[in-house]
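Below, read A as the first sequence line, B as the second, and so on, with proteins coming before strands; counting in each chain starts at 1.
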Number of protein chains: 2
Amino acid sequence: MTNKLNLNNLTKSEEDYLKALFQLLVEDNSVKVGNNQLAEYLKVSPASTNNMIKKLKTKNYVVSEKYGKLELTDEGSAIAVRLIRKHRLWETFLYNYLNFSWDEVHEVAEQLEHIKSYKLIDELDRFMDFPEKDPHGELIPTSKGEYKVVPKITLSSLEEGAICQLISVNDGSVNFLRFVSEIGLALSSEIKVLEVREFDKSIRIQFNDSIETVTRKFADNVFVKVL
Amino acid sequence: MTNKLNLNNLTKSEEDYLKALFQLLVEDNSVKVGNNQLAEYLKVSPASTNNMIKKLKTKNYVVSEKYGKLELTDEGSAIAVRLIRKHRLWETFLYNYLNFSWDEVHEVAEQLEHIKSYKLIDELDRFMDFPEKDPHGELIPTSKGEYKVVPKITLSSLEEGAICQLISVNDGSVNFLRFVSEIGLALSSEIKVLEVREFDKSIRIQFNDSIETVTRKFADNVFVKVL
DNA sequence: TAAAAAAGTTAGCCATGACTAACAAATTAA
DNA sequence: TTAATTTGTTAGTCATGGCTAACTTTTTTA
Ligand SMILES: [Mn+2]
Ligand SMILES: [Mn+2]
Ligand SMILES: [Mn+2]
Ligand SMILES: [Mn+2]
């Protein structure tokens, strides 16, 4: 009997650090993730991350050399994936059953993802009939820990004339999500890049019957599939 | 604008202490609740409760004199009632929608009750169509904080020959709840007290087509309405 | 390649919420 | 009504996870 079912005894903080590291490493597909980068992402001081990384290393969830880049062990990754699964399933539940809007789900899911119960999350999954994507278009890892990392193409990376479809959005900022909805963009929207302005990288896009100019920062948080 | 909607900034611990105190004061209807009693209930040391009570007093949730009995302010009670509402709504959700059994819901609800979001709990309430009772038969406080405290009659308090109906059970012990189910008792079961044995207070009861002898401790945790 | 900047580390501090051990007050029993 | 017991309080310790300030190492830039 392996310790498959150890109701992992990680604290909320430890879990958040592992998830953050996973997101920087895998989702943002970085070459190197450093201590200060992690600190900035988590909005804590570099001293705090340094401290926590030390602890996670002794627990064999993280590997790194002094002054070197941070990496996750398989076990560390698995924990992160489970958290992401929980986060996205809860977001889906809030959105589809409890009348939460796009921009409201993330904050509450950030809490709910730390509830410890395998049954809870697998039953929630079943209750919703095993959804594939969360309200922001992100793939939901399966109960077996299967997680496809889809390389993300940002709207900002496209050239003039490109036509694409909105696949997912970054869910971290309430204001950003509200703005996306306000201008009429949604998952699956078809977008045409009309113009890329060199001096400030803002882009002019067409979708539905609207034409809007959006900033580079905005376009960095919109992920698309080129058609 | 009052601070009605202050997403109360209490820690999980502070919340658990207030809820425990409320349960001892109101639900168990005690004349006096003391520091050690609270400590025992929460399974922490008297030093810990003493410490926490001090803090809750400075925040005006608790009132007490040195060496005196513990009491809750209106604000303290209101927080406790909100927690009980959340706890029971979650138990109901787990039981009715996620295939949790009677004895599994409490532990997970103990975590879920600390999720901070008014919308979450009110929408969950609506989603379930405003249930009145949780799976253990306990009344669920309303979103307005209305909470009827029904004086509890324990099965152990009945005399020989009494006929009653099972209204609710104490949900704190998994083993107890499992045993209740195993012998075939459930909410609304009609029970007849056949015999009360003086020397050990065990009682012989009849229900459905069964006859069982149960201990005083068991009967203390079964709440009934006399018919 | 040396100086400056950035990144990472360490020491030391704080708040929270546990604990034990020692002590004080209140209650109960002899 | 004194003595024993129970109840409550205080002091001091620990782990967790934050922080700032100072320092070291690495990387970049001049
Ligand atoms: Mn999210
Ligand atoms: Mn989180
Ligand atoms: Mn319960
Ligand atoms: Mn709790």
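- Ring orientation note: the planes of B:Y97 and B:F93 are close to parallel, at an angle under 30° on the 30°/60° scale.
- Remark: the backbone N or O of A:P135 is not paired with any side-chain donor or acceptor of A:E91 at under 3.5 angstrom.
- Evaluation of the salt bridge (Lys or Arg N to Asp or Glu O under 4.0 Å) test over residues 44-70 of chain A, restricted to residues two or more places apart or in two chains, returns A:E14-A:K55, A:E14-A:K59.
- Residue pairs that meet the salt bridge (Lys or Arg N to Asp or Glu O under 4.0 Å) test with at least one member in residues 151-160 of chain A, sequence neighbours left out, are A:E138-A:K152.
- The salt bridge (Lys or Arg N to Asp or Glu O under 4.0 Å) check on B:D171 picks up nothing, with sequence neighbours excluded.
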Q | Per-nucleotide protein contact string for nucleotides 8-24 of chain D, where B marks a base within reach and S marks sugar-phosphate only (heavy atoms under 4.0 Å, - for neither) | A | BBBB----SSSBB---B

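- B:I53 places its CD1 atom 16 Å from the P atom of D:dT7, with the value rounded to the nearest Å.
- Comparing the end axes of the helix from C:dT1-D:dA30 to C:dA30-D:dT1, each fitted to five base pairs by superposing C1' atoms of four pairs onto the next four, gives an inter-axis angle of 0° (nearest 10 degrees).
- Using a 4.0 Å cut-off between charged nitrogen and carboxylate oxygen, A:R126 and A:E123 count as a salt-bridge pair.
- Scanning for salt bridge (Lys or Arg N to Asp or Glu O under 4.0 Å) contacts around A:K133 gives an empty result, with sequence neighbours left out.
- Aromatic ring orientation, A:F127 versus B:F127: perpendicular (interplanar angle above 60°, classes split at 30° and 60°).
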